Structures are given as structure tokens and as C-alpha cells.
2 protein chains.
Amino acid sequence: MRSYDQYCSVARALDVIGDRWTLLIVRELLIRGPSRYTDLQYGLPGIATNLLADRLRDLEAEGIVTKEVAPPPVATTLFRLTPRGEALDSVLAALGRWGAPLLAGPTGDAAFRSHWLKFPLELHLTDQQPDAAPATIEIHAGAQPMLVRVADGTIRVHPGTSPDPEVTLTGTPSLVLGLLVGALDVDTARARGLKIEGDVATLRRVQPLIPPTGKVDRSAKAGRSKVKR
Amino acid sequence: MRSYDQYCSVARALDVIGDRWTLLIVRELLIRGPSRYTDLQYGLPGIATNLLADRLRDLEAEGIVTKEVAPPPVATTLFRLTPRGEALDSVLAALGRWGAPLLAGPTGDAAFRSHWLKFPLELHLTDQQPDAAPATIEIHAGAQPMLVRVADGTIRVHPGTSPDPEVTLTGTPSLVLGLLVGALDVDTARARGLKIEGDVATLRRVQPLIPPTGKVDRSAKAGRSKVKR
DNA sequence: CGGCATCCTCTTTGATACTG
DNA sequence: CAGTATCAAAGAGGATGCCG
């Protein structure tokens, strides 16, 4: 990217991470931790492979990512965030929070990966009963199941399954998000096709007190992918 | 910008404000409030006028900016952030905070506008003596003087002059920042050419308790503006 | 396979000139 | 003042090829 050449901290930051795809690469590394090249490609549907290679090189040069080559037997390269790279989580969080209402818009044929749920869920859910026993919500919304662990007042979202989750949600991402975030009530979500099994009270435990303004899931169908002008 | 077409709040946010120059336009509107086209051009050195017009159109279409045309006698158009646009301040703040250490790098021939100081200063300075009388620091670092008002535990930075500031700083932006942020002590700053007039204690009042890691102003001279590869 | 590099096309940008 | 018009250069997207 061409430098903006301005003595301003925002402009300088954008000089480094303002390129197309760059922040999404950081998103992947933040959510999934150290990743292989092909894992990154999977988490970044639509990126051209030469761009991914370019961006990783740039990020390495800027001290945001390090590349470690595992010894010959396993022969795999891992890309990992440096502390400086991890410091970008506040930027990603702010962006994710600002962008959350946009998930209410038409879903169209947008790509989806289950681990992307981590950001909106950890940002918007809260544990209303910090002293209650830990609980688990299992989500089946994409290719791989995700777990929401609620314990001691914190919410953690990561891939996996549980032998005995308090609730299991199965359905489209927008229905799952809509329900968890409180924009949809249980009956409406069920009516629209979300499968809810288990203890519904656990859902209320994590829902934010103030539901968001933009309603998630209006079941809109209109196609997306802006066609300028 | 082409949509990333991902059902992820970060990607959706970047679909809207990820274009080159877009966040800097928002920066201008956040710092200066409602602005005329030419004011924006002044605050965005390097932007091509067709791009500014394009971006403003896009931002208006996205509901981030509104354009108001004043009645014929004054004949001027004002661009103003909507509440949705103002909500981007958290994103800008996170970016500004992350980018602040980069101001320590080579200054080169980067452009500078005094009002850009608002972000780093309001983010990094604190009022250590909330109960003391209000104080004013006047800064001469660019074309127009800026005032730092310290009162009741808050810091406000805006353009202007004061009849009786507690301190006046005159010098390069990096010296001013370096001193205020605590990376440079008074003697060093003076030795490097910063003019400091008035009550030095007021400076200590606003300086952060933990000085930043990257030292501001190393008086580096190397040119900037990346030349890929 | 995993991790790229090359080649080609298309879109976006940057610089400048011009207009109601 | 607030833009539009034009055009060259840079960057993105997509397909495919290479190499351990």
C-alpha cells in the first residue's frame, strides 16, 4: 500500500494494516491462533493465493506476524501473531462491534465459517449469573460445531463439541446469532427453522440486557456484492 | 470496494469503511465537525479530488455522512457525520492508539495538520490533578495553534489561542508529542529545539504515568513512502 | 499435499485539467 | 466552492504451474 504520508497515528496505522485483506488475516490469526497457510485460505474465502502470500510477507516485515518452519519430519509452516499483532485485537473488536448491526442485512450468498462467531458472541454476550455453575451451549451453524462456555462471568467461544451441553442450537448463523443476541425470541427462532434442544434458561443467562437495534435475521433474500454506482 | 462477501461483522464493517481514504475522511469529520469540501481537502493532503467526491457519495449512501446544502446567500455545502458515523470514533480511537508508536518512526517529509494532534493527545494524556484549577497548554506546531484544556479530570484539544496559557510549546509535532507524552524530558526537548514557555508543572499534570514504549522523536531523517519490495 | 510464483485481465487509484 | 472528466499506473482477482 502506498503510504498516506501523514504525521498522524491513524494514518500511520492504516499505512500498515489498511491494505485489503490484511485485517481479515489478523482476524483469522486472532481467532484460531497459529495457523498454516491452507488454514488461512480456508478462513479467508475469496482471497487470491498470491495476495495471501504477499500480505503475509508484508505482515512479517512489519513485525505483526512471524513465520516458523517446523522441522522436516512434519514439514509445515506456522504463521503466528507477534505481541504487536495481538494488540490489534482492540481494533478488531471495535470494528466487529460497529459492524455487528450489518449482519442483520441481507445474508445473500455470503460465505460463512463457524469460528467467525467468536467475535460477535464474545463481544455481545455476557454472563448474567457469574455465581451459577458453568454452562455450555453447542452451536451447529457451519461446517464445524462451536462451543460457548459460560463460567465465572466470562464467555469463551471455541470450536468443539460437548458430551452434555445445556443447550444445542442448530440452524443458520443468522438465526443462531439473532436468538443469542436477543433480537429473536425462542418461539420466533423456532418458527423460522432454528432447532433448540435443552435448557432454554441458559440462553437467557447469556443474553445482553439491551437487545441490539438492528434485528438479526430478517430472512432477507436480495443478492449482495455491491455493483458500484 | 468489492464486498468480501463473508457473514462476519468485521468483514461487513470493512465492506463499508475499508476503502482507501474512507476512515481518514471520517477522522476529519470527527475532529473538525461539519466541514466543507475544501476543508476536507485541506485535512487530507494527497487525496485526489475525484476520490474525495466518490468517497463522500459512498459514505452518504451508507448513512455515515449527510450533506446539507445551505441556502443560496451563503451557498456552501456542509458534510456532517450521522450518529452511525460518529459511532466510528471507537474504531478510530483503537487505530490511533495502536498506531501511536509508529509516530516515533522517521518523520520524513510527512504532511502535518495541527488538528491531527487531537487524537493522540486526548488518548494519551490524563489529568492527574482533577481537583486543581483548569489549565491551558498552547501548542504551535503547524499552521494553526492548538489548545489543550485540562479541567475536572478531562483533556480537550481544539484549535485556538488563549490570552494566558499556563504553558506554550513551539516546535515540531514530534517534539511536542514526545514531551507531552513523556518520552522526552524538558531538558532534552529544549536541547532539540522545542521552545517551552511558562509553568512546566502543568506538563507533568497531564503526562501519562507510564511513558510509551516507542520513543517519540528520534530525529530520524530517512525518507519514507514505501517503495514495495 | 502445502506453500507459494507467474501470467494475464480487470478494477481502483492518482494526477491533472477543466466546469457550473 | 464543489465538484466532473480524462488517462496512465498500480493493485486485485483468477487460473495455472512449480517444487520440496
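Predicted, not measured: the structure shown is a model, and the values here were computed from it. So you know, we letter chains A, B, ... as the sequences are listed, proteins then strands, and number each from 1.
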Any I137(A) side-chain heavy atom under 4.5 Å of T168(A) side chain: no

Atom-pair distance ([atom1] on [X]; [atom2] on [N]), nearest Å:
{"X": "Q41(B)", "N": "dA2(D)", "atom1": "CD", "atom2": "C1'", "value": "8 Å"}
{"X": "L44(B)", "N": "dG3(D)", "atom1": "CG", "atom2": "P", "value": "14 Å"}
{"X": "L56(A)", "N": "dA5(C)", "atom1": "CG", "atom2": "P", "value": "11 Å"}
{"X": "R57(B)", "N": "dG3(D)", "atom1": "CZ", "atom2": "P", "value": "8 Å"}
{"X": "L52(A)", "N": "dT6(C)", "atom1": "CG", "atom2": "P", "value": "16 Å"}
{"X": "Y42(B)", "N": "dA2(D)", "atom1": "OH", "atom2": "P", "value": "17 Å"}
{"X": "L78(B)", "N": "dG3(D)", "atom1": "CG", "atom2": "C1'", "value": "15 Å"}
{"X": "D58(A)", "N": "dC4(C)", "atom1": "CG", "atom2": "C1'", "value": "15 Å"}

Axial bend angle, the helix from dC1(C)-dG20(D) to dG20(C)-dC1(D): five-pair end segments, nearest 10°: 30°

Of the nucleotides [options], which one has an atom closest to the side chain of [X]?
{"X": "R36(B)", "options": "dC1(D), dA5(C), dG3(D)", "result": "dC1(D)"}
{"X": "D19(B)", "options": "dC4(C), dG2(C), dT13(C)", "result": "dT13(C)"}
{"X": "A53(B)", "options": "dA12(D), dC4(C), dG3(D)", "result": "dG3(D)"}

Where protein sits on nucleotides 13-20 of chain D, one letter per nucleotide: B base, S sugar-phosphate only, - none, heavy atoms under 4.0 Å: SB-B----

Parallel, tilted or perpendicular: rings of Y37(A) and F79(A) (30°, 60°): tilted

Ring geometry between Y42(A) and H115(A) (parallel below 30°, tilted from 30 to 60°, perpendicular above 60°): tilted

Donor-acceptor contact present, side-chain E122(A) to main-chain V157(A), <3.5 Å: yes

Exercise: identify the closest heavy-atom pair between S114(A) and Q144(A): OG-O, 2.8 Å

Minimal non-hydrogen separation, V176(A) against G171(A), with atom names: CG2-O, 4.2 Å

[N] OP1/OP2 closer than 4.0 Å to side-chain N/O of [X]:
{"X": "T76(B)", "N": "dC1(D)", "result": "no"}
{"X": "T38(A)", "N": "dG3(C)", "result": "yes"}
{"X": "K67(B)", "N": "dG3(D)", "result": "yes"}

Side-chain donor-acceptor contacts of residues 88-100 of chain A below 3.5 Å, not counting sequence neighbours, with atom names and distances?
residue, atom, partner, partner atom, Å
S90(A), OG, A87(A), O, 3.4
W98(A), NE1, R84(B), O, 3.1

Derivation and outcome, side-chain hydrogen bond (donor to acceptor under 3.5 Å, both in side chains), residues R149(A) and T136(A): CA-CA 5 Å; R149(A) 311 242 22 164; T136(A) 303; 3.2 Å; yes

Chi angles and distances behind the side-chain hydrogen bond (donor to acceptor under 3.5 Å, both in side chains) call for R27(A), Q6(B): CA-CA 13 Å; R27(A) 172 196 72 189; Q6(B) 300 184 355; 2.9 Å; yes

